[in-house]
Amino acid sequence: MFYYPMYFDPTYILVFIGVVLSLLASAKVKSTYAKYSYIQNRAGLTGREAAERILRQAGIYDVRVEHVSGQLTDHYDPRRKVLRLSDATYGSTSVAAVGVAAHECGHALQHAGSYAPLTIRGALVPVANFGSAIAWPLIVMGLFIRGESASWLINIGILAFSMAVLFQIITLPVEFNASGRAIRILGSTGMLAEDELGAAKKVLGAAALTYVAGAAGAILQLLRILLLTGGRRDND
């Protein structure tokens, strides 16, 4: 029979898989964005201009479009109703920039229309942040003590981490829906030509992989926790 060395934890394989998925997704989005950042859209629209046009056409006048430093740091802030576009998006006329700007506008449209998954995700933010912060300390304490309180600590830790996993899962429909809205708007308004629309789809599709990888990594981490604590939860 083969015995693992005492210092080797086979559940680290799950962590390794999650890290690999994350690295592959990150590399894919960076390479895809870089490729289409050199292709200028025929309309000559910058990311900022495309975002402002989409918002106005949707009847949204209370969302500001601002510049934020960094690369691929684009995001929509529903609390302040601000759409922030990064260095590579704000003033760029590339197909990639317009696609990313339209995606962030998709979130603004979700917010304006009270899109349920976005509302749920917003409500989960503080719970997920708190849960991810306290989960491991509670689990570790539960593993080092004995008695019924150990099981309580472990189970509460698992529940806390599950909230962070749920946040990652609910993020998926939010992001896919925003990308779908972006492509439909860019196509129906004629901001991008048909071939440019295909390029934008590839950029947003690659970006979506990062969220899929994030959700998969969180699920694998939860599975690892369940495997590590299974015996203690059953025996205490």
[X] side chain vs [Y] backbone, donor-acceptor pair below 3.5 Å:
| X | Y | answer |
| --- | --- | --- |
| D87 | Q71 | no |
| N155 | S151 | yes |
| S132 | N129 | yes |
| Q57 | I54 | no |
| D74 | S86 | yes |

Taking a hydrophobic cluster as the set of Ile, Leu, Val, Met, Phe, Trp and Tyr residues connected by side-chain heavy atoms closer than 4.5 Å, whether directly or through intermediates, do [X] and [Y] fall within one such cluster?
| X | Y | answer |
| --- | --- | --- |
| F161 | I170 | no |
| I154 | F144 | yes |
| W136 | V165 | yes |
| I158 | V127 | no |
| F130 | L159 | no |

Please give me the minimum heavy-atom distance between [X] and [Y], naming the atom from each residue.
| X | Y | result |
| --- | --- | --- |
| V98 | A50 | CG1-CB, 4.0 Å |
| N41 | S94 | ND2-O, 3.9 Å |
| T73 | S69 | OG1-O, 3.0 Å |
| A58 | L109 | CB-CD1, 4.0 Å |
| A51 | L85 | CB-CD1, 4.3 Å |
| A207 | V29 | CA-CG2, 3.6 Å |

Report yes if some heavy atom in the side chain of F167 is under 4.5 Å from a heavy atom in the side chain of V125; otherwise report no. yes
Test item: V203 and V95 side chains (from C-beta on) under 4.5 Å apart, heavy atoms: no
Distance (rounded to the nearest 0.5 Å) between [X] [atom1] and [Y] [atom2]:
| X | Y | atom1 | atom2 | answer |
| --- | --- | --- | --- | --- |
| I139 | L153 | CD1 | CG | 10.0 Å |
| S179 | H107 | OG | NE2 | 7.0 Å |
| C105 | L83 | SG | CG | 5.0 Å |
| L138 | I134 | CG | CD1 | 5.0 Å |
| L204 | L209 | CG | CG | 11.5 Å |
| Y211 | F176 | OH | CZ | 10.5 Å |

Applying ring pair (Phe, Tyr, Trp, His ring centres under 6.0 Å), name anything that partners H67, two or more places apart in sequence or on another chain. Y90
With sequence neighbours excluded, residues passing ring pair (Phe, Tyr, Trp, His ring centres under 6.0 Å) with Y76: H111
Does W152 have more than 12 heavy atoms from other residues, nucleotides or ligands lying within 6.0 Å of its CH2? no
Sorted by chain and number, sequence neighbours left out, salt bridge (Lys or Arg N to Asp or Glu O under 4.0 Å) with K81 holds for D62
Sorted by chain and residue number, the salt bridge (Lys or Arg N to Asp or Glu O under 4.0 Å) partners of R48 (sequence neighbours excluded) come out as E52
In chain order, what residues pass the side-chain contact (heavy atoms from CB on, under 4.5 Å) check against [X], with sequence neighbours excluded?
| X | answer |
| --- | --- |
| L23 | V19 |
| A133 | none |
| L197 | I183, L186, L192 |
| R80 | D77, V82, R84 |

If we ignore angles and hydrogens, is there a donor and acceptor under 3.5 Å between the side chains of T93 and Q40? yes
Tell me which pairs pass side chain to side chain donor-acceptor pair (under 3.5 Å) where either residue lies in residues 16-34, with sequence neighbours left out. Y33-T89
Through direct or indirect side-chain contacts below 4.5 angstrom among Ile, Leu, Val, Met, Phe, Trp and Tyr, which residues connect to V20? F16, L24
Side chains of residues 114-122: which donor-acceptor partners sit under 3.5 Å, not counting sequence neighbours?
from : atom 1 : to   : atom 2 : distance (Å)
T119 : OG1    : Y115 : O      : 3.3
R121 : NH1    : E175 : OE2    : 3.1

Sequence neighbours excluded and cut-off under 3.5 Å, please list the side-chain donor-acceptor pairs for residues 214-228, or say none.
from : atom 1 : to  : atom 2 : distance (Å)
R224 : NE     : T11 : OG1    : 3.0
R224 : NH2    : D9  : OD2    : 3.2

